[in-house]
Peer 1: 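First the structure, then my questions, so here it is.
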Amino acid sequence: MTRPSTTARNIADLVAAGVLPSAALDDAALADVARDYAVAVTPELLALMAGPPDHDPIARQFLPTREEATTAPGELADPIGDEAHAPVKGIVHRYPDRVLLKPLHVCPVYCRFCFRREQVGPGGESLNDSELQAALAYIAARPEIWEVIVTGGDPFMLAPRRIAGIVGALDRIAHVAVIRFHTRVPVADAGRVDDALVAALKATRATVYVGVHCNHVRELTPAAVAALTRLADAGLPLLSQSVLLRGVNDSVEALEALFRALVTARVRPYYLHHPDLARGTSHFRVSIEEGQALVRALRGRLSGLCQPTYVLDIPGGHGKSPLTPAYAGARDATGHRVIYDFQDKPHRYPPG
Ligand SMILES: *Cc1c(COP(=O)(O)O)cnc(C)c1O
Ligand code: SF4
């Protein structure tokens with residue numbers, strides 16, 4: 001099989017790329033999954049696949065499977081409740097000091113566990129010019145908005161000219177101190193991070209951050225690291241967001257390798273997300289207890305630079321809460337608190 005040079009967008013493309021068996025062409029259940037949830041895998045990620053989804057952490061994240069046809073109890077079309085906090089099209093305003101700005105619903109790849117899987121896709125709507133102006137006017141009219149998180153979809157899929165337009169418009173709103181982009185492009189389609197994109201991210205007044213979605217150390221190929229280096233060399237602080245996923249990174253070893261590699265690439269691990277209750281994703285879910293045990297084990301093993309905050313987005317739009325295991329115990333009769341160290345040994349801390 002030869003690897004294609006373009007993004008695979010359906011089952012036939014994936015069979016032609018050699019990552020799905022030819023029997024997949026006749027699999028009606030798989031065809032239903034691919035119709036319900038968008039499929040895209042870039043050549044970079046196709047080239048990284050080294051086995052079927054139940055054995056390979058890259059294939060598992062991007063190849064459609066029949067397991068997605070099962071909607072488990074409690075799974076939701078809008079698991080983190082964006083719709084409940086969307087005052088105008090393209091804006092989600094849940095916390096007073098920051099908003100999400102979603103200019104488009106297209107991504108370079110479609111992750112099989114995506115929390116917005118029922119909104120993203122090639123047919124997904126983008127904001128037209130007047131809708132974008134209305135979203136920017138909403139931000140401009142609210143001085144309490146300190147930060148704008150540009151997400152989607154993946155905002156790095158926009159042409160650099162359009163990115164520059166959004167950065168420039170936000171830069172002119174004096175109360176917006178921070179513009180944060182969330183993207184998967186550096187790992188999924190590293191070639192897009194070129195001089196034009198880097199230049200488009202330059203603001204004259206506001207501070208621009210870039211948050212990169214990355215779940216496994218193998219996503220950090222030399223091309224991906226080169227893309228991150230271009231962003232870091234341009235002076236952009238880099239953060240990561242990872243999703244804790246069964247069969248992808250649900251081991252101490254996988255998370256350790258991921259966070260060490262991110263820090264080495266100048267990306268500060270920011271969030272480790274507990275998987276959201278998106279429809280058809282139960283095969284990716286781990287329990288909160290498993291997640292906390294992993295986070296506790298990492299605390300004892302890794303530099304503080306390699307410790308993201310483990311968070312859950314509460315279903316229904318109630319926001320993110322840390323799921324960090326408790327290190328501070330209750331007070332005893334003498335007012336001392338029990339504090340647990342990284343090896344889980346208790347210590348008494350005096351009152352006062
Ligand atoms: C996740 C999220 C944010 C960003 O939260 P941080 O904790 O600042 O990273 C902001 N708004 C909404 C609606 C979100 O879902
Ligand atoms: S890149 Fe993000 S928004 Fe796009 S499919 Fe993956 S998880 Fe969803």
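Heavy atoms only: backbone and side chains are in, while hydrogens, waters and symmetry mates are out. Nothing here was measured: the structure is a model prediction, and the numbers come from that model. Counting starts at 1 for both ligands and their atoms, following the listed order.
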Peer 1: Do side-chain atoms of Glu75 reach the backbone of Gly280 as a donor and acceptor pair under 3.5 angstrom?
Peer 2: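 Side chain of Glu75 to backbone of Gly280: a pair is present.
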Peer 1: So which pairs with a foot in residues 288-308 pass side-chain hydrogen bond (donor to acceptor under 3.5 Å, both in side chains), sequence neighbours left out?
Peer 2: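 Qualifying pairs, neighbours excluded: Arg246-Glu290, Glu256-Arg301, Ser287-Glu290, Arg296-Asp344.
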Peer 1: Among Leu48, Leu14, Val19, which residue meets the side chain to side chain contact (heavy atoms under 4.5 Å, CB included) test with Val41?
Peer 2: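 The residue from Leu48, Leu14, Val19 that satisfies side chain to side chain contact (heavy atoms under 4.5 Å, CB included) with Val41 turns out to be Leu14.
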Peer 1: Determine whether the side chain, the backbone, both or neither of Val243 has a heavy atom under 4.0 Å from any heavy atom of ligand 2.
Peer 2: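 Neither; no heavy atom under 4.0 Å.
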Peer 1: Decide, yes or no, whether a salt bridge links Asp233 with Arg230 under the criterion of side-chain N to carboxylate O below 4.0 Å.
Peer 2: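 No, Asp233 and Arg230 are not salt-bridged.
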Peer 1: Applying a strict 4.0 Å limit to heavy atoms, is Thr151 in contact with ligand 2?
Peer 2: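 Thr151 does not count as a contact of ligand 2 under the 4.0 Å cut-off.
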Peer 1: Looking at Asp36 and Arg117, is there a salt bridge between them, counting it only when a charged N and a carboxylate O are closer than 4.0 Å?
Peer 2: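 Salt bridge absent between Arg117 and Asp36.
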Peer 1: Using a 4.0 Å cutoff against the non-hydrogen atoms of Val109, which atoms of ligand 2 qualify?
Peer 2: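 The atoms of ligand 2 under 4.0 Å from a heavy atom of Val109 are 5 (S).
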Peer 1: Can you pull out every salt bridge (charged side-chain N to carboxylate O under 4.0 Å, His left out) where at least one residue sits in residues 139-164? Sequence neighbours excluded, please.
Peer 2: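 Those involving residues 139-164 are Glu147-Arg180.
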Peer 1: If you leave out waters, which protein N, O or S atoms are less than 2.8 Å from atom 8 (Fe) of ligand 2?
Peer 2: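 As for protein N, O or S atoms lying under 2.8 Å from atom 8 (Fe) of ligand 2, they are Cys114 SG.
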Peer 1: So Arg184 and Cys111, do their side chains get closer than 4.5 Å, heavy atoms only?
Peer 2: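 Heavy-atom side-chain distance check passes, below 4.5 Å.
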Peer 1: Which protein residues come within less than 4.0 angstrom of ligand 1, counting heavy atoms only?
Peer 2: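 Residues within 4.0 Å of ligand 1: Val92, Arg94, Tyr95, Arg98, Leu100, Ile149, Arg180, Tyr270, Tyr271, Lys320.
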Peer 1: May I ask you to check whether Tyr138 and His93 place their ring centres under 6.0 Å from each other?
Peer 2: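 That pair passes the under 6.0 Å test.
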Peer 1: Taking the six-membered ring of Phe113 as reference, does the cationic atom of Arg285 (NZ for Lys, CZ for Arg) lie under 6.0 Å from its centre and within 45° of its axis?
Peer 2: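 No.
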Peer 1: Assess the pair Tyr37 and Tyr110: is the distance between their ring centroids shorter than 6.0 Å?
Peer 2: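 When the ring centroids of Tyr37 and Tyr110 are compared, they turn out to be at least 6.0 Å apart.
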Peer 1: Has the side chain of Arg98 got a donor or acceptor atom that lies under 3.5 Å from a matching backbone atom of Ile149?
Peer 2: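 Answer holds: no.
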